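Here the structure is laid out as structure tokens; the discussion comes afterwards.
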Protein chains: 4
Amino acid sequence: MRIAFIGLGIMGLPMAGNLVRAGHDVVGYNRGAARRASLAEAGGTAAGSIAEAVRGAEVIVTMLPDSPDVTSVVLGEDGVLASAGGGALLIDMSTIAPATARTVAERATEAGLRPLDAPVSGGERGAIDGTLSIMVGGERADVEAARPLLEVLGATVVHVGPAGSGQTVKAANQLIVAGTIELVAEALTFLDAHGVESGPAVEVLAGGLAGSAVLDRKAAGMLAREFAPGFRIDLHHKDLGIVVDSARAAGVVIPLGAVVAQLMAAARAQGDGDLDHSALLLGVQRLSGR
Amino acid sequence: MRIAFIGLGIMGLPMAGNLVRAGHDVVGYNRGAARRASLAEAGGTAAGSIAEAVRGAEVIVTMLPDSPDVTSVVLGEDGVLASAGGGALLIDMSTIAPATARTVAERATEAGLRPLDAPVSGGERGAIDGTLSIMVGGERADVEAARPLLEVLGATVVHVGPAGSGQTVKAANQLIVAGTIELVAEALTFLDAHGVESGPAVEVLAGGLAGSAVLDRKAAGMLAREFAPGFRIDLHHKDLGIVVDSARAAGVVIPLGAVVAQLMAAARAQGDGDLDHSALLLGVQRLSGR
Amino acid sequence: MRIAFIGLGIMGLPMAGNLVRAGHDVVGYNRGAARRASLAEAGGTAAGSIAEAVRGAEVIVTMLPDSPDVTSVVLGEDGVLASAGGGALLIDMSTIAPATARTVAERATEAGLRPLDAPVSGGERGAIDGTLSIMVGGERADVEAARPLLEVLGATVVHVGPAGSGQTVKAANQLIVAGTIELVAEALTFLDAHGVESGPAVEVLAGGLAGSAVLDRKAAGMLAREFAPGFRIDLHHKDLGIVVDSARAAGVVIPLGAVVAQLMAAARAQGDGDLDHSALLLGVQRLSGR
Amino acid sequence: MRIAFIGLGIMGLPMAGNLVRAGHDVVGYNRGAARRASLAEAGGTAAGSIAEAVRGAEVIVTMLPDSPDVTSVVLGEDGVLASAGGGALLIDMSTIAPATARTVAERATEAGLRPLDAPVSGGERGAIDGTLSIMVGGERADVEAARPLLEVLGATVVHVGPAGSGQTVKAANQLIVAGTIELVAEALTFLDAHGVESGPAVEVLAGGLAGSAVLDRKAAGMLAREFAPGFRIDLHHKDLGIVVDSARAAGVVIPLGAVVAQLMAAARAQGDGDLDHSALLLGVQRLSGR
């Protein structure tokens with residue numbers, strides 16, 4: 001299949017590579033030439049502009065940092081809608097505001113495209129291994145049309161509702177993940193302050209109702225104070241902005257979500273923006289003078 | 001083995017029954033005669049007083065509602081220490097304040113007993129099935145002496161440190177569990193308000209870094225608005241009091257813990273004390289006018 | 001002086017009236033004809049469009065509900081900038097986002113106008129009586145040029161810094177006011193639950209370091225459960241959205257601000273949007289089951 | 001009048017001195033001999049024990065650090081109740097838990113004394129100048145009997161309800177004061193981060209609904225980063241423990257109170273315990289990386 005892939009960053013490049021390896025004709029675009037060259041090395045084709053990438057593509061994938069990027073790349077003057085052919089699938093895999101996703105979907109539908117919002121979780125590792133979890137919003141028929149391709153990129157592909165729903169579920173995901181990391185950070189600091197050995201404590205916590213993927217995958221790194229990302233504080237901070245705003249817009253009250261958004265902002269303000277989000281532990285320790 | 005079992009409540013009675021079935025000679029005491037009769041029916045022996053239960057026991061187990069109960073039953077005038085024989089294991093399986101557990105352990109040690117604090121998680125189901133998780137504080141030799149017996153009661157038995165450590169880990173457990181339920185409650189309300197179907201959303205959330213035992217075991221009940229306990233709001237409220245106080249005493253700052261303690265208190269104040277702790281969902285919905 | 005006044009709402013109309021009474025030639029515009037007629041009755045002139053109001057005005061005042069309104073009225077196709085004469089003072093007295101105020105100021109300066117952001121506090125009463133507090137951002141010379149006119153509208157007129165600063169101070173004001181109301185609400189509920197008579201308690205609280213304008217002006221109404229606005233929950237909710245967003249944008253962590261924003265959102269979601277902001281008391285009482 | 005004064009600390013000593021200067025026969029006791037000597041220099045009499053101070057006194061005043069001190073001094077083996085004569089007024093001016101105050105009052109009443117709880121606000125300055133605010137719980141007749149004496153110590157003396165009510169109002173006071181300081185700290189940091197000059201901003205904030213005694217008396221010191229106490233973080237931390245516990249016991253939900261209690265705990269844990277409570281500003285600045 002002829003696929004345009006726009007956004008060849010830390011996530012986008014390995015995803016595009018997986019599509020190449022699955023036998024697709026992938027034409028990629030990224031602002032920086034170096035990333036385009038990397039795609040070419042991986043067997044794809046580098047395009048000089050969005051228009052060039054998009055022209056003739058049956059599927060257009062976007063994987064961009066934030067809402068304004070998607071708005072500009074898709075709706076902008078020389079953007080996707082200006083050049084894409086009728087009937088193409090437009091799959092935005094960025095994590096952006098649900099409201100923006102709905103706007104993009106409306107405009108894309110008017111332009112004759114078939115839009116999906118399909119944000120992912122699983123991080124760089126999942127992007128490389130093709131084991132992402134993908135939560136998809138859009139028309140059922142379009143999701144089914146995109147499924148073979150999405151299953152190249154992810155291990156779990158779930159249709160969660162109409163346009164924007166994928167982003168809504170991703171926002172809920174980011175709320176839970178940030179909150180769970182903070183809870184584990186508070187618990188580990190609590191144990192430490194009481195002189196309890198963390199190793200056996202984590203083992204028994206993980207085995208009961210307190211168990212979570214965060215405890216399983218992040219606690220060891222937290223205990224070892226290793227915070228190489230993974231998923232960066234800066235990005236999770238951006239995502240919690242989406243969570244707080246979307247909750248406000250929908251009239252949903254999220255007390256823990258609002259507090260953890262402040263703590264993530266504090267981590268960033270205190271210089272931990274480039275660390276893994278599990279570095280929320282450092283914030284709890286600073287607050288506790290440890 | 002000759003075992004005294006004090007506290008034959010919703011947890012204690014099935015635990016004592018499991019010890020009987022494992023071949024032990026269990027003499028039980030509870031203030032109410034009905035519970036004592038139930039133990040006798042299950043093959044144990046009903047005692048008319050703490051002293052009677054404790055006399056001649058090699059192991060004394062207490063399973064009581066709160067710190068003052070343990071203080072009174074163990075340290076009180078006609079309490080355990082007044083009648084227990086030298087060298088007996090004293091295993092308190094109640095969930096109480098770590099500071100109280102340390103005091104009880106000191107006094108018991110002075111009286112020649114071998115104290116352990118061994119709170120559990122897993123609820124009534126785990127008590128009946130003998131699959132509790134048990135977090136044990138005390139001397140290593142005493143833990144090993146108690147292990148065969150604890151393994152009758154639980155599937156996971158972990159020694160987490162010196163006296164009081166079991167209660168500290170239990171407090172950390174209750175902090176994480178309450179917070180995770182609240183995060184899931186906020187996320188489900190968020191999804192609902194945005195018109196996203198909860199079923200597929202929960203499926204994809206549970207499969208990624210947002211996954212947790214709470215999502216696995218509680219989300220379905222929350223979606224169905226079924227809140228039969230399980231573990232009651234009233235009890236979790238009591239436990240969060242221990243968490244907040246112990247954190248304060250140790251100089252640990254727990255912003256999410258403090259907020260969820262308020263929300264649990266609100267659930268109780270609003271009449272949900274007898275519901276399962278997953279009924280924190282009702283609080284989020286009330287706050288959101290849904 | 002020839003003054004254009006755009007936005008003749010609950011605040012704008014009496015403010016425009018005060019300018020008329022001070023001898024100015026006020027030409028007003030509002031979308032609804034009824035409000036325009038009210039201005040005419042008060043001695044002003046009703047204009048049929050923004051352009052008509054603005055043409056030939058030495059001073060243009062805008063008093064509008066929210067950021068998008070100001071953006072559209074000032075920067076829109078048939079907006080203020082399209083018709084205003086060079087050198088006119090453009091005084092935006094709406095409460096909007098500081099970032100929007102800075103954008104408007106830049107565009108207005110490019111168009112040859114002299115922009116000020118001058119949000120007010122003091123409510124409908126202050127608007128009618130001409131006793132508003134006005135916090136002004138912009139060039140010092142422009143502030144001085146506008147001062148005689150602003151002193152018709154308010155009792156306190158303070159220049160707080162460059163463009164956008166007025167809105168920043170207003171946001172800080174709304175943060176403190178919302179938080180103080182909530183603190184008083186928590187304290188009153190606490191006193192009530194302990195059976196303490198509120199009257200003497202409020203007297204002694206107001207006399208010490210706990211004293212505040214909120215205690216002085218709002219506590220009596222709160223004790224009497226009279227919540228006629230005043231300043232509505234809905235509007236304060238809008239303002240706290242500005243506070244949270246502006247804090248986030250500036251990297252400032254505001255834990256109490258974030259929590260009170262959630263509580264204000266809850267008041268709105270539970271149907272109290274049209275009540276005075278002191279109705280935060282009802283939220284504390286609901287949470288406490290009272 | 002013959003007055004026993006127990007607790008000659010930073011507050012108690014000047015208060016006892018004021019009673020001496022008003023013509024009373026003050027016999028004082030403090031654990032350290034130096035403080036007793038200071039009282040003797042001021043014209044009072046130093047006693048060698050609580051019993052010696054209390055014997056023959058018509059009024060007994062206690063001014064002690066915390067609940068356990070009052071319990072021990074009043075109810076302990078050689079405490080006040082063991083030696084006080086029937087009918088004496090027992091005025092506890094310490095800040096302690098309302099529940100402890102009620103217990104002390106019951107026991108004192110049984111012993112034939114007339115107990116009042118009469119905590120103060122106004123700090124060392126108010127103690128020296130005799131301008132404290134005094135909130136009094138107890139029987140009306142006893143309050144009136146004590147009033148002439150209390151008016152030597154304070155400028156405002158208000159009877160707020162039955163035994164324990166004074167402490168309840170003091171707790172409410174400490175909740176509001178801590179919260180207001182934190183709100184001002186968040187607002188000042190917000191203004192600073194946006195480049196707004198704080199001086200004029202504070203002026204306009206203080207003049208409106210955001211105005212408070214905290215803004216009037218503390219903002220200048222906060223802007224100058226001068227945090228000499230005043231009232232220490234450590235003591236306010238102790239008081240917020242009382243607030244949180246009493247709210248919990250009464251089923252009152254105090255979201256802002258709970259969060260500011262965490263922030264005060266953080267200030268203490270980070271080494272600011274000996275600074276004035278307005279040093280909450282330092283915490284906001286640390287969180288914001290400033």
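Protein chains get the first letters and strands the later ones, always in sequence-line order, with residue 1 at the start of each. For clarity, every value in this text was computed on a predicted model and none was experimentally measured.
Of the listed residues (C:S165, C:G211, C:A193), the greatest number of heavy-atom pairs within a distance under 4.5 Å of chain D belongs to C:G211. For the set D:G161, D:G208, D:S121, the count of heavy-atom pairs under 4.5 angstrom toward chain C peaks at D:G208. Contacts with chain D were tallied for C:P98, C:A206, C:A201; C:A201 has the most, counting heavy-atom pairs under 4.5 Å.
For C:V214, the parts sitting under 4.5 Å from any heavy atom of chain D are the backbone and the side chain alike. Using a 4.5 Å cut-off between heavy atoms, C:E203 contacts chain D through its side chain alone, with no backbone atom that close. For C:K170, no part lies near chain D; criterion is any non-hydrogen pair under 4.5 Å.
Nearest heavy-atom pair, C:V160 versus D:V196, reported as atom, atom and distance to 0.1 Å: O-CG1, 3.5 Å.
Heavy-atom proximity under 4.5 angstrom to chain C picks out D:S133, D:I134, D:M135 from residues 127-152 of chain D. Listed in order of number, the residues of residues 171-189 of chain D that approach chain C to under 4.5 Å between heavy atoms are D:A171, D:A172, D:N173, D:L175, D:I176, D:V177, D:G179, D:T180, D:E182, D:L183, D:V184, D:E186, D:A187, D:T189. Within residues 278-290 of chain C, the residues approaching chain D closer than 4.5 Å by heavy atoms are, in numerical order, C:V284, C:L287, C:S288. Against chain C, the residues from residues 227-262 of chain D that qualify, each with a non-hydrogen atom under 4.5 angstrom away, are D:V243, D:S246, D:A247, D:A250, D:G251, D:V252, D:V253, D:I254, D:P255, D:L256, D:G257, D:V259, D:V260 in number order.
Remark: D:I10 CD1 is loosely packed, at most 12 non-hydrogen atoms of other residues, nucleotides or ligands lying under 6.0 Å away.
Side-chain contact check for C:R217 versus D:L209: some heavy-atom pair is nearer than 4.5 Å.
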